[in-house]
Amino acid sequence: MSPFRSEADPSGSAGASVLPAPLVLSEEAADLLFREARTANAFTDEPVTDAEVRAIHDLVRWGPTAMNGQPMRVTLVRSPEARAALVEHLSPGNRAKAAGAPLVAILSYDADFPRTLPDLFPHAPEVARMFGSEESRQRFGTFNGAMQAAYFLIGVRAAGLAAGPMGGFDAAGVDRTFFPDGSRRAFLVVNIGHPAAGAWRERLPRLDYDQVVDVA
């Protein structure tokens, strides 16, 4: 089935690939990525494969970042020893969730991302000189890493999986344990897998259009 709405059928089941409508995604794709997608708190024991993670990356790497900087890095925590070490740095309410997830990923930004800018932004390689201070690298890495993290969560959903992002952890402790050379700064931990029964909490309210959008 096409991921786009159909001219003949707004549900996207047949016809032309693109409709002149506010949304061109099919209802099924919109539900999968947004309306029906939820933050998961419990998972089945079905594994998340390297092939699935690679497919997620191959999709979300096309998301834009400032100067094409792409500072986010992903550490897949697969070994029991690494999982136990990570759990120690999580807030108490997040420990059981991470211990039971089939895969946990640490999202960080590369503290030395300017070194790759000449390759990623080749028409203006001199922009790397803009990031001589730790403050400038932190500001860029945190903001653009957060954008990439959002793309990553949508990519997990696109793979038919569920994500449980967690900000409650000792970032300095994670950095000391997993990145002792100071090369990265952790900013999010994400549980990934197939949701188990009872994985979702009740859907929380969302702001309406008029509460979010105004016109200047």
Taking all non-hydrogen atoms of both residues, which atom of [X] and which atom of [Y] are closest, and how far apart?
X    : Y    : value
P118 : A128 : CD-CB, 4.4 Å
A186 : A171 : O-CB, 3.7 Å
N191 : A98  : OD1-CA, 3.4 Å
P165 : L188 : CB-CD2, 4.1 Å
R83  : A101 : NH1-O, 2.8 Å
L76  : A105 : CD2-CB, 4.2 Å

Does [X] belong to the same Ile/Leu/Val/Met/Phe/Trp/Tyr cluster as [Y], with side-chain heavy atoms less than 4.5 Å apart forming each link?
X    : Y    : answer
F178 : F113 : no
F143 : M130 : no
V174 : V74  : no
V77  : F152 : no
F187 : V189 : no

Pairs involving residues 159-184, ordered by first then second residue, that meet side-chain hydrogen bond (donor to acceptor under 3.5 Å, both in side chains) (sequence neighbours left out): T75-R184, H89-T177, D181-S183
Compile the donor-acceptor pairs under 3.5 Å between side chains in residues 53-67 and protein atoms, sequence neighbours left out, one pair per line.
from : atom 1 : to  : atom 2 : distance (Å)
W62  : NE1    : D58 : O      : 3.0
T65  : OG1    : G69 : N      : 3.2
T65  : OG1    : Q70 : N      : 3.1

Can you name the salt bridge (charged side-chain N to carboxylate O under 4.0 Å, His left out) partners of E134, sequence neighbours left out? R137, R185
With a 4.5 Å heavy-atom cut-off, do [X] and [Y] have their side chains touching?
X    : Y    : result
I192 : V104 : no
F131 : L117 : yes
N144 : M72  : no

Side chain to side chain contact (heavy atoms under 4.5 Å, CB included) for I106 and F179? Distances and angles first, verdict last. CA-CA 11 Å; I106 302 170; F179 318 120; 4.2 Å; yes
Worked verdict on L161 versus F43 for side chain to side chain contact (heavy atoms under 4.5 Å, CB included): CA-CA 10 Å; L161 302 167; F43 301 88; over 6 Å; no
Has the side chain of [X] got a donor or acceptor atom that lies under 3.5 Å from a matching backbone atom of [Y]?
X    : Y    : result
R95  : L90  : yes
N94  : G168 : yes
R206 : L204 : yes
R201 : T39  : no
E46  : H194 : no

I'd like to know whether CZ of R115 has more than 12 heavy-atom contacts from other residues, nucleotides or ligands below 6.0 angstrom. yes
In sequence, state the C-alpha distance, the side-chain angles, and the governing distance for F169 and L86, and then conclude on side chain to side chain contact (heavy atoms under 4.5 Å, CB included). CA-CA 9 Å; F169 64 97; L86 176 62; 5.9 Å; no
